[in-house]
There are 2 protein chains.
Amino acid sequence: MTDQVDRILEQWQKEKPGLDVSPMAVIGRLSRTALNIESRLAGTFERHGLDASTFDVLATLLRSGARYWITPAELARESMISTSAVAQRLNKLEARGLVAREANPNDGRGTLVALTDTGKKLIEQALPDHLETERAILSPLSRDEQAALALLLGRIGDAVV
Amino acid sequence: MTDQVDRILEQWQKEKPGLDVSPMAVIGRLSRTALNIESRLAGTFERHGLDASTFDVLATLLRSGARYWITPAELARESMISTSAVAQRLNKLEARGLVAREANPNDGRGTLVALTDTGKKLIEQALPDHLETERAILSPLSRDEQAALALLLGRIGDAVV
DNA sequence: TATTGTTATACTCTATAACTATA
DNA sequence: TATAGTTATAGAGTATAACAATA
């Protein structure tokens, strides 16, 4: 049962016999798995008229509490993008009537963002479908194996971040 | 030892208590880890005047055998992008003198691509540095743990692809 | 002066479609 | 007709820098 990464490792082995390319086995699979997952999730998003970055914003707003408003700066931090990218995402979402912007009463320079009723309805419809896709992706692994995977990834993440 | 993903899960737990968001623990960490790794690898590439896609092409050429030429179609397959994207990548690499294109003697329609001496030198310098970065990223895990991680990722990949 | 947020701008990357040349 | 590869084009997404308003 060889996969694409196995073939690549064999090529390296043949071409550069002295080189220890074993890290590629792990990181190569990680990258390719992430890419594959991304494209599978994209299918679910599309069924709801969303894409990954739109879902990201709406989900962040939903989980931050239906009755709260959050600032563009917080959104930027959550999504690891610039505040300018956030402004441009919000422009689109606002045009579609999915989010609303209001002046921040505590800071005249600021803005607060929240889901509209339409936006809330949309993300609440998409979320269970999204989770179902994630569950399907992970289904080849037992619960314990999923937990082990999360733990190993967390150990790398701690060091990387 | 809570991380970003833990915080997100707690938010969901609070806001949607009935919802089983456990798949997010795994897939969220996988996505974020992949992103972090990507940005760390980018640093190494940059030190050699490369980026991920450039490295990708040069490494594919190197491991396919120094004395062989490969077709743009093969490059597209390896990198999972369109042949048009390959042509545009090759234009840049050719302009920098890192790859050479020649007519395919066996097929008048075709092109064959190979590393130039300069390109070979560059990728052979970058490769050990790249592997060192990958090793550093994986260093929090023992050899066995790295193997276990690769295996778990492979099990997901098999199902996804 | 520093900070929040938006916009103007430019850049990078990509895929689709049109095109050339050959099979 | 089908295929290999390139180019022209347009679209998506981003960040940097400039800007306005307020702290």
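Here is the naming used below: chain letters follow the sequence lines, and residue numbers restart at 1 for every chain.
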Would you classify [X] as touching base, sugar-phosphate or nothing, given that sugar-phosphate means primed atoms plus P, OP1 and OP2, and contacts are heavy atoms under 4.0 Å?
X	result
B/Asp107	sugar-phosphate
A/Thr71	sugar-phosphate
A/Thr111	sugar-phosphate

Given atom [atom1] of [X] and atom [atom2] of [N], what is their separation to the nearest angstrom?
X	N	atom1	atom2	result
A/Asn91	D/dG13	CG	P	13 Å
A/Phe55	D/dG13	CZ	P	16 Å
A/Leu93	D/dG13	CG	P	11 Å
A/Ile70	C/dT4	CD1	C1'	15 Å
A/Asp51	D/dT14	CG	P	9 Å
B/Asp56	C/dC13	CG	P	13 Å
A/Glu102	C/dG5	CD	P	14 Å
A/Asn104	D/dA21	CG	P	18 Å

Any link between B/Ile81 and A/Val5 through a network of hydrophobic side chains (Ile, Leu, Val, Met, Phe, Trp, Tyr) touching at under 4.5 Å?
yes
When you get a sec, tell me which of [options] is the closest nucleotide to the side chain of [X]?
X	options	result
B/Ala87	C/dG5, D/dT22, D/dT7	D/dT7
A/Ile81	D/dT14, D/dT6, C/dT7	D/dT14
B/Lys92	D/dT14, C/dC13, D/dG5	C/dC13
A/Arg101	C/dT6, C/dG5, D/dT6	C/dT6

Just checking, is any N or O donor in the side chain of B/Asp129 or B/Thr44 under 3.5 Å from an acceptor N or O on the other one?
no
Minimum-distance pair of heavy atoms, taken over all atoms of B/Thr118 and B/Gly97:
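Looking at all heavy atoms of both residues, the closest pair is CB-O, 3.8 Å.
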According to the interplanar angle, ranging from 0 to 90°, do the rings of A/His130 and A/Phe45 count as parallel (below 30°), tilted (30 to 60°) or perpendicular (above 60°)?
parallel
Between the main-chain N or O of A/Leu50 and the side-chain N or O of A/Thr54, is there a donor-acceptor pair closer than 3.5 Å?
no
Examine D/dA2: is either OP1 or OP2 under 4.0 Å from a nitrogen or oxygen in the side chain of B/Arg109? Give yes or no.
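No, because none of the side-chain N or O atoms of B/Arg109 sits under 4.0 Å from OP1 or OP2 of D/dA2.
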Could you check A/Leu98, A/Ile123, A/Leu90, A/Val113 and say which one makes a side chain to side chain contact (heavy atoms under 4.5 Å, CB included) with A/Val57?
A/Leu90
Hey, is A/Arg143 close enough to B/Asp20 for a salt bridge, meaning N to O under 4.0 Å?
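Yes, this pair counts.
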Between the protein and nucleotides 16-18 of chain C, which nitrogen or oxygen pairs come in under 3.5 angstrom?
from   : atom 1 : to      : atom 2 : distance (Å)
C/dT16 : O4     : B/Ser84 : OG     : 2.9

